[in-house]
Every structure is written in structure tokens, then in C-alpha cells.
Amino acid sequence: MRTQVGIIGAGPAGLLLSHLLHRQGIESVVLETRGRDQIESTIRAGVLEQNTTDLLIEAGVGERMKAEGAVHHGFELAFEGKRRRIDLTALTGHSITVYAQHEVLKDLVAARVAANGSVFFNVSNTSISGIDTDTPSIRFTHDGAEQTLHCDFVIGCDGSQGISRASIPAARRRDYECVFPFGWFGILVEAPPTSDELIYARHERGFALVSTRSPTVQRMYFQCDPKDSTENWSDDRIWSELHARVDSADGATVTEGRIFQKNIVAMRSYVSSTMQHGRLFLAGDAAHIVPPTGAKGLNLAVSDIRILAKALRAFYAENRTDLLDAYTDTALKRIWRAEHFSYWMTRLMHRLDGVSEFEQRLQVAELEHVTTSHAAALAMAENYVGTSAV
Ligand code: FAD
Ligand code: DHB
């Protein structure tokens, strides 16, 4: 089998790249280990920057998102029993859209299917060879048969657990990592929204986040031990923890409902310092991870793909390699900005075990500052909506 661009992974990065390349007249094949049902139902991110929604609309895959996504012009920070609003639109002129990642994936898969695009689900034994040559290839097993995909480029969009990153020789790569000693307990709830906007709460018991999915389904998270088990958490225990962390002194309270999904995610920051070797390019979580606090992961995957799609077009349309050669440097500028913001917001909002009471008071002082100083609020808002200059 032969194509121009072989893409490993049908997450947001892989599917969006395949779609954008198709619109530029470039052929691609996407290989994915999971089934279509599985990728279209896994609950992950929810917040899309305006950069992301603009690109999806421009690329013709934003219709359902425009109809069903909720545009938010601000969010609330809850601390010390009070709530203060960060007015994103007044500060930056931009907003964010709450539209679930798996809904974005459904829209992208539908677009690939409608265009007769090649997406192979349920593949196994993926391996890459020849990235030091102009004729790399990907071997994989599909429907019990071993196959080889010959291509001009291999794009590793296979997330944090994929095989692509390890195909770059260790001597050519530098990894930067910070593992947090806490995780997020996430729930999906059948209930009306607690508030019109997201609430990020800092409390001595730990962080909590009240988000939404639709007028009838809500998404909430709270800081937990990453090694804890969802079985240790009865519904009553979850609600009492969320009330303790989020309810404010003026009586505003989290709206309860039927909890129909519980999960725990660990948190880390990670950057692979090269995102390219020969004809292999990495994009999205395959190259970098952020803790979820700043809602940057999916948006970073989209920004990598924007850069890569443009560079591949320059290669095929104009025989230029300069944009491909600059890919790592161009992408890393935005990535390190988002890494810093996600790390900063994580440390601002979470209970940090082992730090002194002095440092805990500094967290509160900083929250007072970002919610009262225009300059500090603007810096937070620009980073959150994704418009900060690097
Ligand atoms: P992935 O979505 O991980 O896709 C990679 C794909 O590759 C997967 O489908 C996988 O099955 C496949 N694959 C893996 N190995 C192979 C292989 N060997 N061969 C073939 N296929 C393979 N981000 C935000 O921007 N906003 C948020 O609000 C937000 N909230 C989050 C909340 C949670 C709880 C979590 C866990 C994450 C959140 N994120 C958020 C992060 C976001 O979900 C990820 O950054 C995003 O999914 C990255 O997309 P990707 O395409 O790079 O990787
Ligand atoms: C959601 C996830 C995030 O990481 C975040 O910062 C805000 C919202 C969500 O899943 O809705």
C-alpha cells in the first residue's frame, strides 16, 4: 500500500491532519489501534480555544460544534469562600467553547468517511522503518493480515503511550518531565449546570473544577491521590467533597445529580525536545503532555497540526523544506508557553502537600492578585484563551 503521508493515531491530531491534507490535495492514511466506537466515546477534554474553533470552522468541520457547543466569555475562580470572575472577552476579545473532544472526533471521522478517506481502525503491531531515508514505511496488522504502508512522511500522532516517539534515536532526543503527586477524579453527572461558567476552586482540602457538557450533563473534577481507586468513592463521599471545596459563603452550591461515570487521571508535564527525525514528525500528546488544569492539551495538538499541515503543503506545492525543517522550533515556542501556564495554574490551584503554611498563604495572595489586578488578570486570560505572545 502506498500514500503520501502515513499518520499513526486517530486522535484529534491525526484525524485533523488527515482532513486538512485532503483539503490541500495531499493523500494520507490513518492507522489507529482502537475501534471507531471506542474513540468516539472516550471522555477527555472539553475546552476549545478560539484558535481551535476558528480552524475547525475554516476546515468545514465546525457546523455541529457551532450549533451544540457552548461559548463561554469568562470563568470563575473560587477561593476562601468567595468567587471572582475572570472576564475573558472583556480582557482579550476572545472566548472559549465547551464542546467535548469525542464530539470533535465524531465530526472529523464523519468528514474522513464522507471524503472516502483511508482510516484503518483496530490495527496492531504498528512499527516504523526507514525514517532516515526518503521512503519510510509503517508495518501493521489489520484483520489478521500483515501490511506495509509506504509513504513520503510518517506523522506520529499516537498520544503519550504510542510507539512513534521511541522511533527517534534516544541520542537525538531530550526529555523534560515533571510528575505531579496528585491526580484528578472525574465524574459525569446527569444534572442541570451549577453555574453559567466553569468554576476552578482552590481549597485546603484540594482543587475542584465544575465544568459542563450540555444543559443536562455536567463534568466535574476534584484533586485526588492518583493511585486511589474509584471504588473507594461512594456518590455521597464525592458530593460531600465537592460541596466542601466549591460551595461559597454566600450560599451558592454545587448542583447534585446521578453520577454515571467515574475515572481517575494522573498528571504530568512532559516535552520531547525534538519533534522530528528524518521523515518522522511527532504531533500532539506524542510529543508533549500538560496537566489538564489550563485546558491546553487538545488545543496544543491542534496548533501542532496547523503548523505541520502548512509545512507539508509548502513541500508538495512548492518543493520547499524550510517549514518542515523549522517545525520543532516553531511548535516548541507555543508548547513551552502552554507548559508554563499549565504548570503555573496547577500549582496555583492545587493543595501542595509538604509545602509550608507560608507558601499556602502565597497561593491565596496570588489568587487575590489575579482577581483584582487588571494586568495579572489579563496575563491569565491571554494564556487561557491562547492569545498570549510567546
Ligand atoms: P490522543 O487523543 O491520545 O490520540 C492518540 C491516538 O493514537 C489514540 O486514539 C490511540 O489509540 C492511538 N494510538 C496509540 N498508539 C498507537 C499505535 N501504536 N498505533 C496506532 N494508533 C495508536 N485538553 C484540552 O485542550 N482541553 C481540556 O479541557 C482537556 N481536558 C482534559 C481532561 C482529561 C481528564 C484528560 C485526560 C485530558 C484532557 N485534555 C484536555 C488533553 C487532551 O485530551 C489531549 O491532549 C488530546 O487528546 C491529545 O490529542 P492527540 O491526538 O495528540 O492524542
Ligand atoms: C475541562 C477539562 C479541563 O482540563 C479544564 O481545565 C476545563 C474543563 C472539561 O473536561 O470540561
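Atoms within a ligand are numbered from 1 in the order they appear, just like the ligands themselves.
Residues Asp285 and Ser160 bring no donor and acceptor atom of their side chains to less than 3.5 Å of each other.
The only member of Trp239, Trp233, Trp184 that meets ring pair (Phe, Tyr, Trp, His ring centres under 6.0 Å) when paired with Phe222 is Trp233.
Heavy atoms only, all atoms of each residue included: Val217 and Thr212 are closest at O-OG1, 3.8 Å. When every heavy atom of Ile7 is checked against every heavy atom of Gly14, the shortest pair comes out as CG2-CA, 3.6 Å. Of all heavy-atom pairs between Asp304 and Gly284, the closest is OD2-N, 2.8 Å.
For Phe75 and Tyr384, the ring centers are positioned less than 6.0 Å apart.
Ligand 1 does not have Gly186 within reach: every non-hydrogen atom of the residue lies 4.0 Å or more from it.
In this structure a side-chain-to-backbone donor-acceptor pair under 3.5 Å is present from Ser234 to Arg237.
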Between the protein and ligand 2, which nitrogen or oxygen pairs come in under 3.5 Å, and how far apart is each?
unit_1   : atom_1 : unit_2 : atom_2 : d
ligand 2 : 4 (O)  : Pro292 : O      : 2.6
ligand 2 : 6 (O)  : Tyr200 : OH     : 2.7
ligand 2 : 6 (O)  : Pro292 : O      : 3.2
ligand 2 : 6 (O)  : Thr293 : O      : 3.2
ligand 2 : 10 (O) : Arg213 : NH2    : 2.7
ligand 2 : 10 (O) : Tyr221 : OH     : 2.6
ligand 2 : 11 (O) : Ser211 : OG     : 2.6
ligand 2 : 11 (O) : Arg213 : NH1    : 2.8
ligand 2 : 11 (O) : Arg213 : NH2    : 3.4

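Those atoms of ligand 1 with a heavy atom of Asp158 less than 4.0 angstrom away are 5 (C), 7 (O), 13 (N), 14 (C), 15 (N), 16 (C), 22 (C). Near Ala13, with a cut-off below 4.0 Å to any heavy atom, the atoms of ligand 1 are 51 (O), 52 (O). Against a heavy-atom cut-off of under 4.0 Å, Gly297 is close to the following atoms of ligand 1: 23 (N), 24 (C), 25 (O), 41 (C), 45 (O).
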